[in-house]
Amino acid sequence: MDVMESAYDPQRVEAEWYERWEAAGVFRPEHNPDGEPFTVVIPPPNVTGSLHMGHALNHTIHDVLVRRKRMQGFAALWLPGTDHAGIATQNVVERELAAEGMTRHDLGREEFVDQVWEWKRKSGGRITRQIRRMGMSTDWSRERFTMDDGLSTAVRRVFVDLYDQGLIYRGDRIINWCPRCHTALSEIEVEHEEETGELVHIRYPFSDGSGHVEVATTRAETMLGDTGVAVHPDDGRYRDVVGTTVTLPLVGREIPIVADDAVDPEFGTGAVKVTPAHDPTDFEIGERHDLESISIFDESAVVNEAGGRFAGLDRYAARRAVKEALEAEGLLVGVDEHTHSVGHCYRCGTVVEPWLSLQWFVEVQPLVGPAIEAVRTGDIRFVPSRWENSYFHWMENLRDWTISRQIWWGHRIPAWYCDDCDHVTVAMEDPTECGACGGGSLTQDPDVLDTWFSSALWPFSTLGWPTDTEDYARHYPNDILITGFDIIYFWVARMIKMGLHFPGRKPFSDVIIHGLVRASDGQKMSKSLGNVIDPLDVAEEHGADPLRLALIQAAAPGQDVPFQIEWVEAARRFGNKLWNAVRFGLNHVSDVPAEGGYPEDPGPEARWILSRLAEVTDEVDALLDEYRFSDAYGRLYNFAWSEVFDWYLELAKAPIRDGDDGAHAQTVGVVLRDLLKLFHPVVPYVTEELWSHLVGDGLLAGARWPEPPRHDAPEGFDVFRDLVVKVRRFRAEHGLSPRHPLEIEIADPDGVASPWWSVQFASLADVEPVFVDAVPERTGWTRLVSGSVQAFVSLEGIVDVDAERERLRKAIADVEGQLAASQKKLANESFTTRAPAEIVQKERDKLAEFEARLDKLRTQLDELGGPGD
RNA sequence: GGGCGCUUAGCUCAGCGGGAGAGCGCUGCCUUCACACGGCAGAGGUCACUGGUUCGAUCCCAGUAGCGCCCACCA
């Protein structure tokens, strides 16, 4: 006999199965060579990263879907990989260099990039090891990295094609610049936060000395780069000064007053200083009025020579100095407190600077239409669908995408400039001569591409595109995409655009959006708050399976999950329960087959649990098909615990022990086996371990999803169960211990509570009932009623009659209340005429039942006699 | 300024047009031969508020309040 420890030990159970699964190749789609493909790609975590709770939730959802599909016979592929995470990774390596007092410039580009690769070789495996530790069924033979040769080819193909199509261009634009990372950022890489700042009012004197105009700014230092003042064209206050000039204080530049619709006459004085090089709106005003753009900052946001005597000060020092200087000249009118939103770099938190510079852009408009259409028509579906609105809104207001980054780690832009004629060559192969003049002196653009450029290609680049590989043919489009709402814009929207434009087909059909895992108090987990819980720590202490089950049960569609360790503890206790249920099973059955094996002729109890198993399997399947994971596994959890363990296993004990086995041992075996299968997608380790004991044939990870046979539930089981509960409650209410002997006679005129159950009744209620035909006429007995069945309990020597009277009065009051409600409802004519017939009938049945029950309870109270009646 | 979400048992959250649910916590009883990481029986909710639709609303609609998130060229 197979020996099992009496307690579930997650650490021990989770030690070895992963290697066995991998060695057996079950995670590869080839495991089901004839199956229909089912494909999902992991949202590639940053190669610098470490697994956090968000990954744990995201990956668990993936694994539940993928493992189930695999068990259903699909050629399931979950493709894993990592993202090179340009800025983030470069920052990590630069920090290491800084610790040695060096910068990347000390190394030079080539050596620095080599060093990042070295770092990646050394540390990049951490997160993939963590994914394995969590039991995720990813196909590691197909692991990809966004800077692999193949993916780099895809990136280059896309860049070259978009360039040739005129959808990638280079130009001077105001972009968001991080003065710490020294690179451009796209719009969505800037995080805006409301901050209390200042609104500085400044006088700009008219050049002819006839007075001044007052402007207001939150960034006084930018006045050093002002090249104009703008007012609204219809603003009567300034009608006469439009076209004249003011003299810029501290600088002395004569700058024009222009009229422009972008000015809000209601704000401040209605006159705005214009700094085209350092504000996007001002840039546009400048373009319209042909104003000069004067950049006053260097790449670190330190004032440059254009700032005259302020040169060398960083932006904040310059702000103070400029204000002081203005004050000294009597041109500072005042400073008000002012709340406005300030942009920060999403990688390092530094306040970003709008900066005029030469960058590469993707013109997104031509890509947007089909991407909107695909979701509009339902070809691509968001779950929950409310995210579609955000998607539409974002797509409809998209501006061109800044794709160049002034860092070294990433896909280098495949553009070469001719040193002789300035012609730009963009090509798949590194050119050796200029496409225009034939000159041999070419310089490659130093910039690399936005990390998200390569992520956008992930659903097809990972499968071999642009080469027409077997994997690409078989697994593109992917079926689903699972991610948090926080990267819908960064990633999902761009994959849809690129997928539709390049492979020419949608990248996936269903986009499943889940919430964020938060701290138990609902706050975001963050290092600065010190409330981060590491999933690996949880896995070490409580097990990966319990963590997975806890996350799945907590994750209602699209809702955030406040993480509570108590859920994990509860999930571990469930594992222990399952463990011991199988241990019980092993005492009585052996050779449980991997499939089938359902008893041909089950008795009523077995038929009951088998009918429930079939029903619950159907419900779980339906819920999982709708991606309602928490509902599905909540349902299954309750079924397993409160029906299989608490009732069926208890019911089966007596007949098995008495040798009057019937089909019980067999049923126990198959029901437990099917539970292992149903639970396997969420808790793969413990179910695999238990499978090895109970079934021992092959791997559960490669087994077939259950399809239990349909049975009609035997009549009267609920009546029987209710009666057992009432007997137990009777004892509890009278302060009797659970096994206190009772003398009971059961009248079952309709034969509902089959005498076959007498053994069960004895076993579960700890009494030996006598079945009687007629309702006995006795005093000193009370009755417990369930449907048409009545159990007469002798009160002799065991019960305080007053207590029993009290119990009955409570029961009567309770039923009277329900009865009254029911009567009222049925007395309402509009209810009986308008409500569906079945609802009305149900109500009538209820009423009849209440009346019968009340009648019996009253009779009983009479039988007890005594005061007050 | 626009949009979205949340408000249900002491706590954290599911549910969602026809008799209020889970986990944890709480009360009482029980070391019964799978499990004390357990069993049995309980207590505990005017389902934020106000209107409306409906035979019927925790669930649909409108509004109010509080909390949270996203978006917006908020000089």
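All chains are named by letter (A, B, ...) in the order of the sequence lines, taking the proteins before the strands, and each is independently numbered beginning at 1.
The same atom, C1', is picked in G19(B) and in G25(B); the two are 27 Å apart, to the nearest Å. When the P atom is compared between C60(B) and A14(B), the two are found 15 Å apart, to the nearest whole Å. A36(B) and G5(B) have their P atoms separated by 47 Å, with the value rounded to a whole Å. A48(B) and G68(B) have their C1' atoms separated by 16 Å, with the value rounded to a whole Å. A distance of about 13 Å separates the P atoms of G63(B) and G2(B), rounded to the whole Å. The separation of U7(B) from C49(B), taken at their C1' atoms, amounts to 11 Å, rounded to a whole angstrom. Atom name C1', nucleotides A22(B) and A9(B): the rounded distance is 11 Å, in whole Å. Comparing C24(B) with A43(B), their C1' atoms sit 16 Å apart, to the nearest whole Å.
The cationic atom of K653(A) (NZ for Lys, CZ for Arg) lies less than 6.0 Å from the six-membered ring centre of F584(A) and within 45° of the ring axis.
Remark: E396(A) CD is packed, more than 12 non-hydrogen atoms of other residues, nucleotides or ligands lying under 6.0 Å away. Within 6.0 Å of CD in Q818(A) there are more than 12 heavy atoms belonging to other residues, nucleotides or ligands. By the neighbour-count criterion of 12 heavy atoms within 6.0 Å, atom CD of Q11(A) is densely surrounded, having more than that number from other residues, nucleotides or ligands.
Applying the side-chain hydrogen bond (donor to acceptor under 3.5 Å, both in side chains) test between S822(A) and each of E851(A), K846(A), E843(A) identifies E843(A) as the sole match.
Between L694(A) atom CG and A34(B) atom P the separation is 16 Å, expressed in whole Å. Spacing between atom CG of N580(A) and atom C1' of C33(B) amounts to 13 Å, rounded to whole angstrom units.
Looking at heavy-atom distances under 4.0 Å, R635(A) makes no contact with the nucleic acid at all. At the heavy-atom level, E733(A) lies nowhere under 4.0 Å from the strands shown.
OP1 or OP2 of C16(B) lies within a sub-4.0 Å distance of a side-chain N or O belonging to R628(A). Look at K524(A) and you won't find any side-chain N or O under 4.0 angstrom from OP1 or OP2 of C69(B). The side chain of R739(A) places no N or O atom within less than 4.0 Å of a non-bridging phosphate oxygen (OP1 or OP2) of U32(B). Regarding contacts with the backbone of A34(B), a side-chain N or O of K653(A) is found under 4.0 angstrom from either OP1 or OP2. Side-chain nitrogen and oxygen atoms of R573(A) include none within less than 4.0 Å of the OP1 or OP2 phosphate oxygen of C35(B). An OP1 or OP2 oxygen of G25(B) is reached within less than 4.0 angstrom by no side-chain nitrogen or oxygen of W567(A).
The side chain of T281(A) approaches C73(B) more closely than any other nucleotide in the set G15(B), C73(B), G18(B). Out of C35(B), A75(B), A14(B), the shortest distance to the side chain of K577(A) is found at C35(B). Distances were taken from every side-chain heavy atom of P836(A) (C-beta onward) to each of A41(B), G18(B), C35(B); the shortest belongs to G18(B). The side chain of H340(A) sits closest to C74(B) out of G15(B), G23(B), C74(B).
Below 30°, between 30° and 60°, or above 60°: for F720(A) and W647(A) the angle between ring planes is above 60°, a perpendicular geometry.
Here the CZ-CD1 distance, from R844(A) to I839(A), works out to 12.5 Å after rounding to the nearest 0.5 Å. Of the inter-residue distances, the one linking L694(A) atom CG with R673(A) atom CZ reads 8.5 Å to the nearest 0.5 angstrom.
Judged by distance alone, with hydrogens and angles left aside, S341(A) brings a side-chain donor or acceptor within reach of the base of C74(B), the pair sitting under 3.5 Å. In this model, no side-chain donor or acceptor of E187(A) finds a partner on the base of A72(B) within 3.5 Å.
Comparing G268(A) and Q559(A) by the nucleotide of RNA chain B whose heavy atom lies nearest to each, the residue mapping closer to the 5' end is Q559(A). Taking the nucleotide of RNA chain B with the nearest heavy atom to each of F485(A) and A271(A), the more 5' of the two is matched to F485(A).
Sorted by first and then second residue, the salt bridge (charged side-chain N to carboxylate O under 4.0 Å, His left out) pairs with a member in residues 260-272 of chain A read D260(A)-R288(A); sequence neighbours excluded.
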Fill in: Pairing annotation in dot-bracket form, given for RNA chain B with Watson-Crick or G-U pairs under 3.5 Å and | for cross-strand partners
(((((((..((((....[..)))).(((((.......))))).....(((((..]....))))))))))))....
